[in-house]
Trainee: 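I am attaching a structure below and will ask some questions about it afterwards.
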Amino acid sequence: MKKFTSKYLVVGLVLVVALAAILWWPSEEGLSFTAGTYSASAVGFNGPIRVEVVVDRAKINSVRVVEHTESRLIADVALLRIPVAVIEGQTVAVDAVAGATVTSRALIAAITDALTQAGGNLTLLQTRPVAGLAQQGQPTERRVDVVVIGGGGAGLAAAVQAHQDGATVIVLEKMPRLGGNTILSGGAFNVVDESRQKLHGIEDSVERHVTQTYEGGDRLGNLDLIRVLVENAAGAVRWLEELGMKFQDSVFTVPGGMWARALRPVAPLGTGFIETLGAYIEKEEGIEVLLETTATELILDGGRVVGVKATTAAGQLTVRANNAVIVATGGFGANVEMRDKVNVHWPSLTNIKTTNHPGATGDGIRMAEAIGASVVGLDQIQLLPLGDPATGSLSGSIGRSVDTTIYVNKDGKRFVNEGARRDVMTRALMEQRDSALWEVVDRDSFPTGDTRNNFAETIDSLVAQGRAFRADSLEELARLINVNPANFIQTVTEFNAAVERKGGDAFGRTLFADKIDTAPFYAAPRTPTVHHTMGGIAINTSAEVVGTNGQIIPGLFAAGEVTGGIHGSNRLGGNALPDTIVFGRIAGRNAANARR
Ligand code: ADP
């Protein structure tokens with residue numbers, strides 16, 4: 001329980017339990033139980049959560065979670081906070097913890113069950129108001145060598161590297177969980193990895209990856225930064241593997257990735273990155289995470305950044321940095337106002353949803369600008385053509401690799417090279433009726449019903465939820481998705497001919513693997529969604545932040561999506577994760593060595 005659970009929460013827990021024990025007086029509202037220890041369980045996100053509740057005749061004395069398989073990174077706050085709130089308020093009318101609602105609800109259900117077994121009055125228990133958590137006694141000032149703002153891929157990589165290089169580290173994370181957008185990503189990690197690529201007969205080179213990244217961003221990216229990203233990606237994979245992360249041997253082309261150089265982690269989505277780095281933080285001393293702690297301001301002293309001001313549920317916290325501060329707060333894809341302010345290349349984005357988590361609001365850019373940091377390319381916003389129509393998220397997408405997928409519009413016709421750049425595909429999609437496409441694949445992508453997409457969802461579950469459609473013939477699929485069957489069949493027939501020729505389709509597609517000719521056939525609806533903000537804080541190849549005067553700002557580093565200048569006008573699919581890990585490590589190493 002030491003880590004990820006803001007130390008404040010732990011102090012709060014002790015205080016609250018003590019306070020509750022000392023101050024609680026049998027209630028006039030008349031809670032009454034049969035004294036004893038009761039046990040109950042309910043199913044959480046990953047499996048059963050079992051609790052043990054101890055009551056005396058008139059009060060709840062203790063609530064203990066004795067068994068669970070929830071992901072600690074996501075569920076710890078709920079597992080700690082809810083028992084505290086139940087005891088403090090002598091109630092089960094407790095709010096779910098944001099970001100861990102399934103766990104919260106299961107835990108509350110299990111506690112309610114145990115209290116019901118103890119003869120508690122359910123109506124009374126469910127209606128007694130919750131008292132606020134005690135927040136007294138929390139420190140308002142801390143000091144470490146390196147302060148990292150943001151607990152996504154870049155921030156955690158920076159934190160771990162800084163700690164490996166001898167620094168004490170605190171990571172401030174505003175959400176109740178770690179992982180940011182990184183944990184939600186499909187996990188594709190571009191790297192020139194000869195051993196894996198050769199297994200599949202794929203030729204590649206550092207030069208090709210550099211060139212595709214540079215050209216893919218319309219030559220607006222900084223070639224020096226691109227080179228650092230590409231040349232250090234393989235080292236980043238080795239570093240992660242040494243920390244225990246596992247990658248599959250397969251290599252694939254992620255949409256907009258332009259080449260088959262994406263590694264796929266064994267763990268679903270981006271969880272492997274966060275769990276690997278989180279496990280290191282969990283086990284080591286001198287490195288910790290404060291969740292639900294929002295950095296608000298960088299502290300300057302004589303032109304040098306010397307700390308961070310933050311807010312927590314308890315109030316203000318100042319964390320001073322002996323060496324340096326690293327900004328790793330991610331992008332601003334979830335900040336509609338900021339998007340609208342800088343957007344010049346797209347039609348209005350006000351009503352376009354996003355793949356991003358709600359904490360992607362550009363805080364780091366604002367904080368860094370306020371102390372004189374330079375920003376670059378804020379107008380470069382990446383959209384994907386592959387958002388879930390209901391939520392904007394990437395989940396539900398059924399394309400497993402570009403070379404096995406086609407996109408058709410509502411008329412059943414292809415309209416773009418599915419291997420094109422992300423901006424090209426999204427612009428083409430915006431010209432289609434209702435800006436709507438269907439991803440279409442066949443059994444090669446999902447040999448069985450429990451085959452998972454890139455977002456850990458089985459095709460059976462997507463079909464059951466009505467988020468994907470399955471049919472035994474193309475004609476039947478066309479009817480299911482309400483597109484013209486003749487057009488649809490002709491589209492697939494023409495595509496299959498191009499697969500045979502390995503080229504020569506109407507859209508200049510070059511990535512071909514299998515024909516779409518084996519039942520069952522699948523289709524899933526997708527729509528444009530805001531995905532990545534390519535602009536941000538200007539850095540140099542040492543991840544030092546550059547000021548508006550062209551000089552570096554001493555004591556300040558930045559890494560990950562919060563930075564700008566690498567991806568130019570268009571980020572290659574699969575380049576974000578190497579960006580976060582490579583530059584996170586550079587920032588961490590240099591911050592650890594940036595002694596005053
Ligand atoms: P990257 O891929 O660059 O690491 P992520 O989106 O994965 O970006 O992670 C950024 C993290 O920073 C998120 O977890 C987000 O909640 C966190 N964050 C954003 N703003 C703040 C802030 N003001 N204080 C603390 N954490 C923040």
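None of the values given here were measured: they were computed from a predicted structure. In each ligand, atom 1 is the first atom listed, and ligand 1 is the first ligand listed.
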Trainee: May I ask you to identify the nearest protein heavy atom to atom 1 (P) of ligand 1, giving residue, atom name and distance to one decimal place in Å?
Mentor: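 For atom 1 (P) of ligand 1, the nearest protein heavy atom comes out as Thr580 CG2, 3.7 Å.
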Trainee: So, does Asp301 use its side chain to make a donor-acceptor pair with the main chain of Gly303 at under 3.5 Å?
Mentor: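 Side chain of Asp301 to backbone of Gly303, a donor-acceptor pair under 3.5 Å: no, none is there.
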Trainee: Identify the closest protein heavy atom to atom 3 (O) of ligand 1: which residue and atom is it, and at what distance?
Mentor: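 Checking every protein heavy atom, the shortest distance to atom 3 (O) of ligand 1 gives Glu561 N, 2.8 Å.
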Trainee: Please report which non-hydrogen protein atom sits nearest to atom 9 (O) of ligand 1, along with the residue it belongs to and the distance in Å to one decimal place.
Mentor: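 Nearest protein contact, heavy atoms only, for atom 9 (O) of ligand 1 is Gly152 CA, 3.2 Å.
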Trainee: Which atoms of ligand 1 have any heavy atom of Gly560 under 4.0 Å away?
Mentor: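 Under 4.0 Å from Gly560, ligand 1 has these atoms: 3 (O).
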Trainee: Give yes if a backbone or side-chain nitrogen or oxygen of Gly155 is under 3.5 Å from a nitrogen or oxygen of ligand 1, and no if not.
Mentor: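 No: no nitrogen or oxygen of Gly155 is under 3.5 Å from one in ligand 1.
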Trainee: Ignoring hydrogens and angles, state whether a donor on the side chain of Arg467 or Ser395 is under 3.5 Å from an acceptor on the partner side chain.
Mentor: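 Judged by distance alone, the side chains do pair up.
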Trainee: Is NZ or CZ of Arg264 both nearer than 6.0 Å to the six-membered ring centre of Phe252 and within 45° of the ring axis?
Mentor: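 Yes, Arg264 and Phe252 form such a contact.
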Trainee: Atoms of ligand 1 less than 4.0 Å from Thr293 heavy atoms?
Mentor: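 Heavy-atom distances to Thr293 below 4.0 Å select 24 (N), 25 (C).
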Trainee: Of the backbone atoms (N, CA, C, O) and the side-chain heavy atoms from C-beta on, which set of Asn181 has a member under 4.0 Å from an atom of ligand 1: side chain, backbone, both, or neither?
Mentor: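 Contact part for Asn181 vs ligand 1: both backbone and side chain.
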Trainee: Suppose we measure from atom 24 (N) of ligand 1 to each protein heavy atom; which comes out shortest, and what is that distance?
Mentor: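 Protein heavy atom at minimum distance: Ala295 N, 2.9 Å.
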Trainee: Check ligand 1 against Thr294 and write out every atom of the ligand that is under 4.0 Å from a heavy-atom position of the residue.
Mentor: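 Numbered from 1, ligand 1 contributes 23 (N), 24 (N).
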Trainee: Please list, in number order, the atoms of ligand 1 under 4.0 Å from a heavy atom of Ile149.
Mentor: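 Going through ligand 1 atom by atom, the ones under 4.0 Å from Ile149 are 24 (N), 25 (C).
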Trainee: For atom 10 (C) of ligand 1, which of the options Gly150, Pro358, Gly359, Ala328 provides the nearest non-hydrogen atom?
Mentor: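 That would be Ala328.
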Trainee: To the nearest 0.1 Å, how far is atom 4 (O) of ligand 1 from its closest protein heavy atom, and which atom is that?
Mentor: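 In this structure, atom 4 (O) of ligand 1 has Ala154 N, 2.9 Å as its nearest protein heavy atom.
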Trainee: Where is the nearest protein heavy atom to atom 8 (O) of ligand 1: which residue, which atom, and how far?
Mentor: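 Checked against all protein heavy atoms, atom 8 (O) of ligand 1 sits closest to Gly330 CA, 3.4 Å.
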Trainee: Which atoms form the tightest heavy-atom contact between Met425 and Pro385, and what is the distance?
Mentor: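 Answer, listing the atom of Met425 first, then Pro385: CB-CG, 3.8 Å.
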Trainee: Indicate the atoms forming the closest heavy-atom contact of Ser569 with Arg421, along with that distance.
Mentor: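 Distance-wise, the nearest heavy atoms are OG-NH2, 3.9 Å.
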Trainee: Would you please determine whether Arg177 falls within less than 4.0 Å of ligand 1 on a heavy-atom basis?
Mentor: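 Flag not set, Arg177 not near ligand 1.
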Trainee: Would you say Met534 and Ile381 make side-chain contact, with heavy atoms under 4.5 Å?
Mentor: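 They are not in contact (no side-chain heavy atoms under 4.5 Å apart), so the answer is no.
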Trainee: Got a donor-acceptor contact below 3.5 angstrom from the Thr533 side chain to the Phe332 backbone?
Mentor: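 Checked: pair present.
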Trainee: Hey, does Gly153 come in under 3.5 Å of ligand 1, counting only N/O atoms on both sides?
Mentor: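 Yes, at least one N or O pair falls under 3.5 Å.
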Trainee: How does Leu172 reach ligand 1, if at all, at less than 4.0 Å between non-hydrogen atoms: by side chain, backbone, both, or neither?
Mentor: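 Just the backbone.
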Trainee: Can you pull out the closest protein heavy atom to atom 19 (C) of ligand 1? Residue, atom name and distance to 0.1 Å, please.
Mentor: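 The closest heavy atom on the protein side is Thr329 O, 3.4 Å.
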Trainee: Ignoring hydrogens, what is the shortest heavy-atom contact between Met258 and Thr253? Give both atom names and the distance.
Mentor: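 Shortest heavy-atom contact: N-CG2, 4.0 Å.
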Trainee: Tell me whether Glu288 is salt-bridged to Arg142, with the criterion being a basic N under 4.0 Å from an acidic carboxylate O.
Mentor: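 Between Arg142 and Glu288 there is a salt bridge, with a charged N closer than 4.0 Å to a carboxylate O.
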Trainee: So, Glu173 side chain and Gly151 main chain: donor-acceptor pair closer than 3.5 Å or not?
Mentor: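 Yes, the answer is positive, given that a donor and an acceptor are paired below the 3.5 Å cut-off.
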Trainee: Classify the ring geometry between His567 and His532 as parallel (under 30°), tilted (30 to 60°) or perpendicular (over 60°).
Mentor: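 The arrangement is perpendicular - the two ring planes meet at more than 60°.
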Trainee: Any idea which of Glu173, Lys174, His532 brings a heavy atom closest to atom 15 (C) of ligand 1?
Mentor: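 Among Glu173, Lys174, His532, the closest heavy atom to atom 15 (C) of ligand 1 comes from Glu173.
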Trainee: As an exercise, identify every atom of ligand 1 less than 4.0 angstrom from a heavy atom of Met175.
Mentor: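 Counting from 1, the qualifying ligand atoms are 16 (O).
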Trainee: Would you say Gln382 and Asn570 are linked by a side-chain donor-acceptor pair, where the criterion is simply a distance under 3.5 Å?
Mentor: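 Distance-only check passes for Asn570 and Gln382.
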Trainee: With a 4.0 Å cut-off on heavy atoms, is Leu577 in contact with ligand 1?
Mentor: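 Leu577: no contact with ligand 1 (<4.0 Å).
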Trainee: Could you tell me which atoms of ligand 1, counted from 1 in the order shown, lie closer than 4.0 angstrom to a heavy atom of Gly180?
Mentor: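 Near Gly180, meaning under 4.0 Å from one of its heavy atoms, ligand 1 has 5 (P), 6 (O), 7 (O), 9 (O), 13 (C), 14 (O).
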Trainee: Have a look at Lys174 and tell me which of Thr311, Asp363, Thr294 forms a side-chain hydrogen bond (donor to acceptor under 3.5 Å, both in side chains) with it.
Mentor: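 For Lys174, the side-chain hydrogen bond (donor to acceptor under 3.5 Å, both in side chains) check succeeds only for Asp363.
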Trainee: Atoms of ligand 1 less than 4.0 Å from Asp363 heavy atoms?
Mentor: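 Here the atoms of ligand 1 in question are 20 (N), 21 (C), 22 (C), 23 (N).
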Trainee: Does ligand 1 have an atom that lies less than 4.0 angstrom from a heavy atom of Gly151?
Mentor: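 In this structure, Gly151 qualifies as a contact of ligand 1 - some heavy atom is under 4.0 Å.
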Trainee: Mark the output for Gly179 as yes if a heavy-atom distance to ligand 1 is under 4.0 Å, and as no if none is.
Mentor: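 Within the 4.0 Å threshold, so yes.
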Trainee: What are the atoms of ligand 1, with element, lying closer than 4.0 Å to any heavy atom of His357?
Mentor: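 The atoms of ligand 1 under 4.0 Å from a heavy atom of His357 are 13 (C), 15 (C), 16 (O).
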Trainee: Indicate whether any N or O donor in one side chain lies under 3.5 Å from an N or O acceptor in the other, for Asp340 and Thr350.
Mentor: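 Side chains of Asp340 and Thr350: pair found under 3.5 Å.
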Trainee: If you measure from the Lys or Arg side-chain nitrogens to the Asp or Glu carboxylate oxygens, is any gap between Arg366 and Glu337 under 4.0 Å?
Mentor: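 Here Arg366 does not pair with Glu337 in a salt bridge, since their nearest N and O are not under 4.0 Å apart.
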Trainee: Students should be able to answer this: which protein heavy-atom is nearest to atom 7 (O) of ligand 1, and at what distance?
Mentor: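 Its nearest protein heavy-atom neighbour is Thr182 OG1, 2.6 Å.
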